[in-house]
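Reading through the structure tokens given below for one structure.
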Amino acid sequence: MNNQQGYLIIDVGTGNVRVAVATIDGEILGIARADLQNVKDSDYPDSLYFDPGDLWIQIQQLARLSLAQAPEIHIEGITATSQREGIVLIDKEGKSLIGLPNIDHRGRQWENLLADKKEVYQLTGRFPNSLFSAYKLIGIEKKKTEIWNKVATFLSISDWVEYKMSGVIHYEHSQASETLLYDVAQKNWSDRLCNLFNINPKLLPKLTPSGTILGKVLKSEAEAIQISADAKVVVGGADTQLAVISTQPCANDIVIVSGTTTPIIKLTDSYITDHLQRTWTNRHTDENSFILETNAGVTGLNYQRLKEIFYPTEDYDIIEKELAELKDFQCVASLGSLLADEETPLTKGGFIFNVPVSHQLTRASFVWATLWDIACSINENYKSLCEVTTHEADYIWACGGGVQSPLLRQFLANLIGKKIKINTDYRQASVIGGVYICNKALGFAALNSSILAETVPKNIEQYQQRYAEWKQTRAVFKQTFC
């Protein structure tokens, strides 16, 4: 007997795929994850792709694993979220041709063909580069004509997941913001942008708001993962937007979303751009809101990789214990994070420490320097955001696995000079955001979020010298390698 009502939430991130089972009250009963299997494409420098068929098999397997952890659940709804900028190309028969993740840059060599980048920024809210979907399409057209000639449409990865579950082709607005083919202020596809990028508007699917019920899950998919064929497929959205929803912020709040990358988000009810073109402006998942963003880059990925090197078998509590025991801070890091004020990103990074190597230099020293680099980079991007818009509240929300470190939260509070607040479900923020969306779509009560921790600034002055050392270290790497 299935006694609990809940949802299946599929999240395809930059580094991994996870499928979660959550109740309508937001309790996560089961979760399974695996690495996303990207493959290098030898036809382009700095390009990756994935096989959509392999990813779908992976998603089905993870769904069965997570559902096995919650045998009493009745799945009322299914939704998806995913990395932004990633797409899947579809042919006329509905077959998935190729998947292009957000970190695919196959369009880089054609970036400078665009004459008026300022116009694109004004329409799309982001400075155009090969991160975004339009350039991925151009890369396919230029070098993979055997695929391009078959393309009938393309979808964001989360919209593709929902298509596979429901059979309905659509594109959600927060994901459409990442294509360079969508007028963010006007909330629609843009013929002008299609013309600038020489993309046929007929390739663009219909736009569908987040929270739309697409219909019942396909019988074949329900049988494959062993859920009720009455489950509804609900449109989700981009992973950053769903993570923001989980904090339940007020208008004009700022949210740090600390995952593989670290967006710093300001919620706004109007379309704001930066005359210096440093920020992104995106559609949120509701009817009228926008999010204004700077991004510190692959901060979380750096921390994860260094944990695998220095603490491969230990949990995060051991790391925090060793960090707390440090008495002397032996090194400073610069690990390729992004700053909104810099025109070119760092492509080389590392640690600087005194030689000969001190006996006081430990594995915790390198992790401390990594967290400090993350905090300083977030602070720099926060300051850039505040040059574009005001932020008067004395707090900032934070969510995502990266802020599970109390030390990182303390660094942020000290540098920014504001309280850092996290909710109880901050580590699974995009999953909880999916619960909020499904509850609203299917008529269940909204969740009651509660604050887990609030970090107050302290000892601010003693960190100023360390901040200056970090800036000097970053300048050394930039002057040497850029």
Does one side chain, of [X] or [Y], offer a donor that lies under 3.5 Å from an acceptor on the other?
{"X": "Ser158", "Y": "Gln175", "answer": "yes"}
{"X": "Thr262", "Y": "Thr299", "answer": "yes"}
{"X": "Trp470", "Y": "Ser334", "answer": "no"}
{"X": "His391", "Y": "Tyr382", "answer": "yes"}
{"X": "His284", "Y": "Ser289", "answer": "no"}
{"X": "Asp373", "Y": "Thr370", "answer": "no"}
{"X": "Glu293", "Y": "Asn282", "answer": "yes"}
{"X": "Thr124", "Y": "Asp183", "answer": "no"}

Looking at [Y] and [X], is there a salt bridge between them, counting it only when a charged N and a carboxylate O are closer than 4.0 Å?
{"X": "Glu119", "Y": "Arg192", "value": "yes"}
{"X": "Glu387", "Y": "Arg278", "value": "yes"}
{"X": "Glu85", "Y": "Lys136", "value": "no"}
{"X": "Glu221", "Y": "Lys216", "value": "no"}
{"X": "Lys266", "Y": "Asp253", "value": "no"}
{"X": "Glu93", "Y": "Lys150", "value": "no"}
{"X": "Arg18", "Y": "Asp11", "value": "yes"}
{"X": "Lys95", "Y": "Asp91", "value": "no"}

Q: List the atom of Gly139, the atom of Trp110, and the distance in Å for their closest heavy-atom pair.
A: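 Reported closest heavy-atom pair: CA-CZ3, 3.7 Å.
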Q: Quick one: closest heavy-atom pair of Ile374 and Leu408, and the distance?
A: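 So the minimum-distance heavy-atom pair works out to CG2-CD1, 4.0 Å.
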Q) Going by heavy atoms in the side chains, are Cys376 and Trp372 under 4.5 Å from each other? A) yes
Q) Parallel, tilted or perpendicular: which fits the ring planes of Phe366 and Phe310, with parallel below 30° and perpendicular above 60°? A)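 Answer is parallel, since the angle falls under 30°.
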Measure the [atom1]-[atom2] distance between [X] and [Y] for me, rounded to the nearest 0.5 Å.
{"X": "Thr261", "Y": "Asn295", "atom1": "OG1", "atom2": "CG", "answer": "4.5 Å"}
{"X": "Glu162", "Y": "Leu155", "atom1": "CD", "atom2": "CG", "answer": "9.5 Å"}
{"X": "Ile352", "Y": "Thr473", "atom1": "CD1", "atom2": "OG1", "answer": "4.5 Å"}
{"X": "Leu123", "Y": "Asp116", "atom1": "CG", "atom2": "CG", "answer": "9.5 Å"}
{"X": "Leu412", "Y": "Ile378", "atom1": "CG", "atom2": "CD1", "answer": "4.5 Å"}
{"X": "Leu292", "Y": "Ile254", "atom1": "CG", "atom2": "CD1", "answer": "8.5 Å"}

Are [Y] and [X] an aromatic pair, judged by ring center distance below 6.0 Å?
{"X": "Tyr171", "Y": "Trp189", "answer": "yes"}
{"X": "Trp368", "Y": "Phe411", "answer": "yes"}
{"X": "Tyr135", "Y": "Phe197", "answer": "yes"}

Q: Could you walk me through whether Phe154 and Leu181 pass the side chain to side chain contact (heavy atoms under 4.5 Å, CB included) test, one step at a time?
A: CA-CA 12 Å; Phe154 68 98; Leu181 303 171; 4.0 Å; yes
(Q) Pair Asp274, Tyr121 - check side chain to side chain donor-acceptor pair (under 3.5 Å), show working. (A) CA-CA 9 Å; Asp274 174 21; Tyr121 179 82; 5.1 Å; no
Q: Starting from the C-alpha separation in whole Å, work towards a yes-or-no answer on salt bridge (charged side-chain N to carboxylate O under 4.0 Å, His left out) for Lys117 and Glu111.
A: CA-CA 10 Å; Lys117 293 187 176 182; Glu111 283 181 342; 5.3 Å; no
Q) Does NZ or CZ of Lys348 fall inside the cone over Phe477's six-membered ring, less than 6.0 Å from its centre and within 45° of the axis? A)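 The answer is no, since Lys348 fails at least one limit relative to Phe477.
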Q) Do we get Arg106 above Tyr44's six-membered ring, with its NZ or CZ under 6.0 Å from the centre and within 45° of the axis? A)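 That pair qualifies as a cation-pi contact.
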Q.
Can you confirm whether Lys383 is buried at NZ, in the sense that more than 12 heavy atoms of other residues, nucleotides or ligands lie under 6.0 Å from that atom?
A. yes
(Q) Strictly distance-based, threshold 3.5 Å: is any side-chain N or O of Ser246 a donor or acceptor partner for the main-chain N or O of Ile432? (A)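 Between the backbone of Ile432 and the side chain of Ser246 there is no qualifying donor-acceptor contact (under 3.5 Å).
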Q: May I ask you to decide if Gln37's main-chain N or O and Asp35's side chain share a donor-acceptor pair within less than 3.5 Å?
A: no
Q) Would Asp51 and Trp56 count as a side chain to side chain contact (heavy atoms under 4.5 Å, CB included) if you check the C-alpha gap in whole Å, the side-chain angles of each, and the deciding distance to 0.1 Å? A) CA-CA 9 Å; Asp51 183 320; Trp56 192 247; over 6 Å; no
(Q) Under the criterion side chain to side chain contact (heavy atoms under 4.5 Å, CB included), I'd like the reasoning laid out for Trp280 against Glu178: C-alpha separation, chi angles, the key distance, then a yes or no. (A) CA-CA 10 Å; Trp280 293 359; Glu178 309 296 333; 4.0 Å; yes
